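Owing to the predicted nature of the structure, the values given are computational and were not obtained by experimental measurement. Letters A, B, ... mirror the listed sequences (proteins, then strands); counts begin at 1.
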Amino acid sequence: MESSELKAKLIAIVSREKIDFEKFDVFPSAKKEFGDFSTNLAFKIKKKDRIINAEQLVSLIQSNKWIQENFEKVEERKGFINFFLKDTHIYATIKEILSKKDAYGKSLSKKGSVLIEFVSANPTGPLTIAHGRQAAFGEALSRILMHSGWRVTKEYYLNDCGRQIELLGISLKAHYLRKRGMKANIPEDGYHGEYLKEIAEKIPDGYETKDAKFFEDFAKQEILKIIKDDLKEFGVYFDSWFSESELRKEGKVEEIINILQEKGLIYEQDGALWFKTSLYGDDKDRVLRKRDMSYTYLAPDIAYHENKIKRGYDMLINLWGPDHAGYVTRIKAAASVLGFSPDRLKIIIVQLTTLYRGKEKISMSTRKGQFITLKQLMDEVGPDATKFFFLFRRADSHLDFDLELAKKKTEENPVYYIQYAYVRAKHIIEFAKEKGITEKDVFSADFSLLKEEPEIEILKKLKKFPIIVEQASRTLEVSNIAHYILDLAGSFHSYYQKFRVVDANIKISCSRLALVECLMSVMGKSLELLGISKPEKM
RNA sequence: GCGCUUGUAGCUCAACAGGAUAGAGCGUUAGCCUCCGGAGCUAAAGGCUGUGGGUUCAACUCCCACCAAGCGCGCCA
């Protein structure tokens, strides 16, 4: 039973009596003494009808046959109406999880197609922790969206041309020449990081006279390789790599400027071309083409978004860093000019991560090559802990990442707490198998033997999983899942301590094993959604 | 100065589209290992949700002002 089902029924009951009401909610009860579902319907009855008070409303509801069939009890409390499900509903959850397994919580309704673009770091250096947070978030969000019925495409937008790339080429050439004892200056705003020196070493002798373009391409290729390797190690995969230089080669940037021009949204001033974004809520208009005829970042980016829109997705999601926050209005302006409702373009700003080593803040400077890379973080902390810390916090909040804490394999570290719960459940099931209890025994167990309070509590939490997934996909927020699973792991650890699962009483053992099986399945699925590994042993 | 984000227990964070007595973990204090893995469990203490107003039957949540922190405010990307 879902809250939407109950809500529909309540609407029917109240409408039949011609009672006027405002929009109301039916939601899973906050506490167990409030039952399974609660509604604020009594508050939402229009004032002129307040002759009907909550108590009268309750008796009206109680008199309904469907309600009587499904609920043990309906009661009013402080104006809320609480519904207590019959036990059969709660035990039905077990059957559902056991039979659906991995598909539990998967939405049956198809929600459409979505393109999610994230990381999209310039191929001028290795991925940093900021990219790491985006990568973890984007991957997890994609999995959640898929589980809730979206068709998801993950895309990496490659800014593989422009000034930064030129600088990269020049810098690499300088590194290369210096290696050979020649004088060469690395531009002030060029790239000084160690990784470029390493790349320079891969180029054999005899390329001294090659032009900057050669070095540019070489650097791009090598760095892209590094990026892809890091992502792979981090467990993040892209369906598509979209190249900006291809876009330019095909003349898409000129095309988009023409389109905007035809719509009268472009004008020339001081030798530059301006886009009238101020018509769409921006504080001022923005330059698309500079006086020197080269494009700003915005122009190809609009062309890129036009391309995404043309590909026909129902929703577009971009993950951006906080430095792009001011950019949201501009790109949404472009989207709406191109006939794509800005509501369908979701831009999630993934906030900064500050690294700490204990109390000490680690400062970073990207250009100078003083930064912690994702790779270093993974090597030190491990991919699972890294991901969990990134995902536990809401994307739009600043994150303080304590390296020391993340490294600890103790109770202070929630990753291990969760993984330990999973392994524990797995182990119990294996133990039961050794004792000769089969899957069939468990599946056909009498679930109504699960009468202990913690058992009911766990069942209710398991029942909530589909709602949590749905909510995460609606709000595009991943941290809910992380919190949910931590909570579930806690309930299980506590239960384990109090009750023996595999016991002398075979009947109880089987029904408890069913519960553990469900726990393992849902914990495993949650870990999977977050992209965190499910260990066999610890 | 303007804009965006954030402000909740000592610390790190929750709170489902405004709902009931604001919840976890860590840390602190006091306990629990003959038994399915103690990387675990039980319990206690800990709060004027940054401040002040407003809207509402109901505000951590919405609105206004202020305070504090971070980021942005280029014909850079």
Side-chain angles (χ1 to χ4, degrees), chain A residues 23 25 27-31 33-34 38-40 42-44 47 50 77-80 82 122 124 159 162-165 189 269-274 283-284 286-298 300-301 321-329 349 351-352 354 359 389 392-394 396-402 405 408-421 423-432 434-435 464 467-468 470-472 474-475 477 479-480 482-484 486-487 490 492-503 509 512-513 516 537-538:
Chain A
K23 204 177 127 223
D25 291 313
F27 45 91
S29 304
K31 296 187 171 190
E33 63 233 62
F34 300 157
S38 303
T39 181
N40 55 3
F43 292 116
K44 301 292 180 185
K47 287 216 168 96
R50 274 280 161 83
R77 190 152 158 173
K78 289 194 176 170
F80 291 90
N82 298 324
N122 292 1
T124 52
N159 295 119
R163 180 67 188 147
Q164 292 309 314
I165 297 291
D189 50 355
Q269 193 185 316
D270 304 330
L273 276 191
W274 297 72
D283 14 314
K284 57 175 188 174
R286 304 291 165 175
V287 170
L288 289 180
R289 197 181 65 203
K290 297 180 250 176
R291 207 176 331 180
D292 67 2
M293 297 304 277
S294 68
Y295 297 111
T296 61
Y297 180 71
L298 183 59
D301 217 28
D323 50 335
H324 283 67
Y327 208 77
V328 174
T329 328
I349 301 292
Q351 283 293 342
L352 285 182
T354 314
K359 290 258 176 263
F389 276 80
F392 194 63
R393 187 81 156 105
R394 294 173 54 92
D396 56 13
S397 297
H398 306 264
L399 172 70
D400 288 336
F401 193 117
D402 183 351
L405 174 63
K408 280 188 193 164
K409 299 198 172 180
T410 66
E411 66 242 33
E412 288 175 62
N413 191 332
V415 189
Y416 298 99
Y417 184 84
I418 292 167
Q419 289 185 325
Y420 183 53
V423 171
R424 193 170 236 182
K426 203 176 177 64
H427 196 267
I428 291 174
I429 287 161
E430 274 157 21
F431 179 83
E434 282 168 27
K435 294 268 177 192
K464 255 172 94 174
I467 300 169
I468 300 283
E470 178 60 35
Q471 184 193 324
R474 194 184 62 234
T475 57
E477 187 49 72
S479 60
N480 302 324
H483 287 278
Y484 171 77
L486 187 62
D487 183 48
F492 174 54
H493 280 311
S494 168
Y495 175 66
Y496 172 87
Q497 210 77 27
K498 274 188 221 141
F499 300 92
R500 219 187 137 76
V501 176
V502 183
D503 198 77
S509 297
R512 287 185 177 167
L513 278 165
V516 172
K537 271 184 196 165
M538 291 183 75

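- Separation of the C1' atoms belonging to B:C60 and B:G18 is 11 Å when rounded to the nearest angstrom.
- The CD atom of A:Q164 sits 17 Å away from the P atom of B:G74 (whole-angstrom rounding).
- At a threshold of 4.0 angstrom between heavy atoms, the contacts of A:Y295 are confined to the sugar-phosphate backbone, with no base atom among them.
- Between A:L513 and A:I428 the shortest heavy-atom distance is CD2-CG2, 3.9 Å.
- Atom pair A:D301:CG and B:C76:C1' shows a separation of 14 Å (rounding to whole Å applied).
- Panel note: side chain A:R512, backbone A:R500; a donor-acceptor pair is recorded below 3.5 Å.
- A donor atom on one side chain and an acceptor atom on the other are found under 3.5 Å apart for A:N82 and A:S38.
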Original post:
Run the side-chain contact (heavy atoms from CB on, under 4.5 Å) check on A:L399 and A:F392 step by step: do they pass?
Top reply: CA-CA 10 Å; A:L399 172 70; A:F392 194 63; over 6 Å; no
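- Counting non-hydrogen atoms under 4.0 angstrom, A:D503 reaches nothing in the nucleic acid.
- Between A:D292 and A:K290, none of the side-chain N atoms (NZ, or NE/NH1/NH2) sits under 4.0 Å from a carboxylate O, so this pair counts as no salt bridge.
- A gap of 33 Å separates the P atoms of B:A24 and B:G70, to the nearest Å.
- Here the side chain of A:S509 pairs a donor or acceptor atom with the backbone of A:D503 at under 3.5 angstrom.
- In terms of position on RNA chain B, the residue among A:R291 and A:K498 whose nearest nucleotide sits closer to the 5' end is A:K498.
- Put simply, A:Y417 has a side-chain N or O that comes within less than 4.0 Å of OP1 or OP2 on B:C41.
- Contact annotation for A:E33: base contact, defined as any heavy-atom pair under 4.0 Å involving a base atom.
- Here the shortest heavy-atom pairing between A:Q351 and A:H398 reads OE1-CE1, 3.5 Å.
- Going from atom CD1 of A:I349 over to atom C1' of B:U5 covers 9 Å, rounded to whole Å.
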Can you tabulate the close N/O pairs, meaning under 3.5 Å, that link protein atoms to atoms of nucleotides 69-73 of chain B?
none

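- Scanning both residues, A:S29 and A:F34, for their nearest heavy atoms gives OG-O, 3.0 Å.
- Residue A:Q269 is in base contact, counting any heavy-atom pair closer than 4.0 Å across all strands shown.
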**OP:** Apply side-chain contact (heavy atoms from CB on, under 4.5 Å) to the pair A:V516 and A:Y496, showing each step before the final yes or no.
**Re:** CA-CA 10 Å; A:V516 172; A:Y496 172 87; over 6 Å; no
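- Contact between the side-chain N/O atoms of A:R512 and the OP1/OP2 oxygens of B:C36 is not found at any separation under 4.0 Å.
- Between the CD atom of A:Q497 and the C1' atom of B:C41 there is a distance of 4 Å, given to the nearest Å.
- A straight line from CZ of A:R289 to P of B:A77 spans 15 Å, rounded to a whole angstrom.
- For A:Y416, the listed nucleotide lying nearest its side chain is B:A39; candidates were B:A39, B:A77, B:A14.
- Residue-level contact check: A:Y297 touches the bases, meaning some heavy atom is under 4.0 Å from a base atom.
- Note: NE2 (A:H493) to P (B:C26) measures 11 Å, nearest angstrom.
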Original post:
How would RNA chain B look in dot-bracket form, 5' to 3', counting Watson-Crick and G-U wobble pairs with both distances under 3.5 Å and writing | for bases paired to another strand?
Top reply: (((((((..((((.....[...)))).(((((.......))))).....(((((..]....))))))))))))....
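- Residue contacts shown for A:V423 include a base, since a base heavy atom lies under 4.0 Å away.
- Residue A:K537 is in base contact, counting any heavy-atom pair closer than 4.0 Å across all strands shown.
- Atoms NE2 (A:H483) and C1' (B:A14) sit 5 Å apart, rounded to a whole Å.
- Residues A:Q471 and A:N480 meet the side-chain proximity criterion, which asks for heavy atoms closer than 4.5 Å.
- The phosphate of B:C13 has OP1 or OP2 within less than 4.0 Å of a side-chain N or O from A:R393.
- In terms of modelled atom types and a separation under 3.5 Å, the side chain of A:T39 and the main chain of A:D25 share a donor-acceptor contact.
- The residue A:R163 sits apart from the nucleic acid: no heavy atom pair falls under 4.0 Å.
- Between B:C66 and B:A58, the two C1' atoms lie 26 Å apart (nearest whole Å).
- Listed here is the closest heavy atom pair of A:I349 and A:P322: CG2-CA, 3.6 Å.
- Between A:F499 and A:Y495, the distance separating the two ring centers is shorter than 6.0 angstrom.
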Please write out the pairs of protein N or O atoms and N or O atoms of nucleotides 17-20 of chain B separated by less than 3.5 Å, giving the distance to one decimal.
from	atom 1	to	atom 2	distance (Å)
B:A17	OP1	A:R474	NH2	2.4
B:A17	N7	A:R474	NE	3.1
B:A17	N7	A:R474	NH2	3.3
B:G19	N7	A:N40	ND2	2.8
B:G19	O6	A:N40	ND2	3.4
B:G19	O6	A:K44	NZ	3.1
B:A20	N6	A:S38	OG	2.6
B:A20	N6	A:N82	OD1	3.1
B:A20	N1	A:N82	OD1	3.1
B:A20	N1	A:N82	ND2	3.3

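- For the C1' atoms, the distance linking B:A68 with B:G50 amounts to 7 Å, nearest Å.
- Only the P atoms considered, B:G27 is 30 Å distant from B:A20, to the nearest whole Å.
- Here the P atom of nucleotide B:A24 and the CG atom of A:N480 are 18 Å apart, to the nearest Å.
- Taking the six-membered ring where tryptophan is involved, the planes of A:F43 and A:F80 are perpendicular, since the angle between them exceeds 60° and thus also 30°.
- An OP1 or OP2 oxygen of B:G38 is reached within less than 4.0 angstrom by a side-chain nitrogen or oxygen of A:Y496.
- In B:C33 the base sits syn relative to the sugar, since the glycosidic angle is no further than 90° from 0.
- The P atoms of B:A17 and B:U6 are separated by 15 Å, rounded to the nearest whole Å.
- With hydrogens and angles disregarded, no donor-acceptor distance shorter than 3.5 Å links the side chain of A:H493 to the backbone of A:Y420.
- Spacing of P atoms, B:C4 relative to B:A15, comes out at 22 Å, to the nearest Å.
- Taking atom C1' on both B:A65 and B:C75, the two are 38 Å apart, rounded to the nearest angstrom.
- Comparing A:P28 and A:A272 against RNA chain B, the residue whose closest nucleotide sits nearer the 5' end is A:P28.
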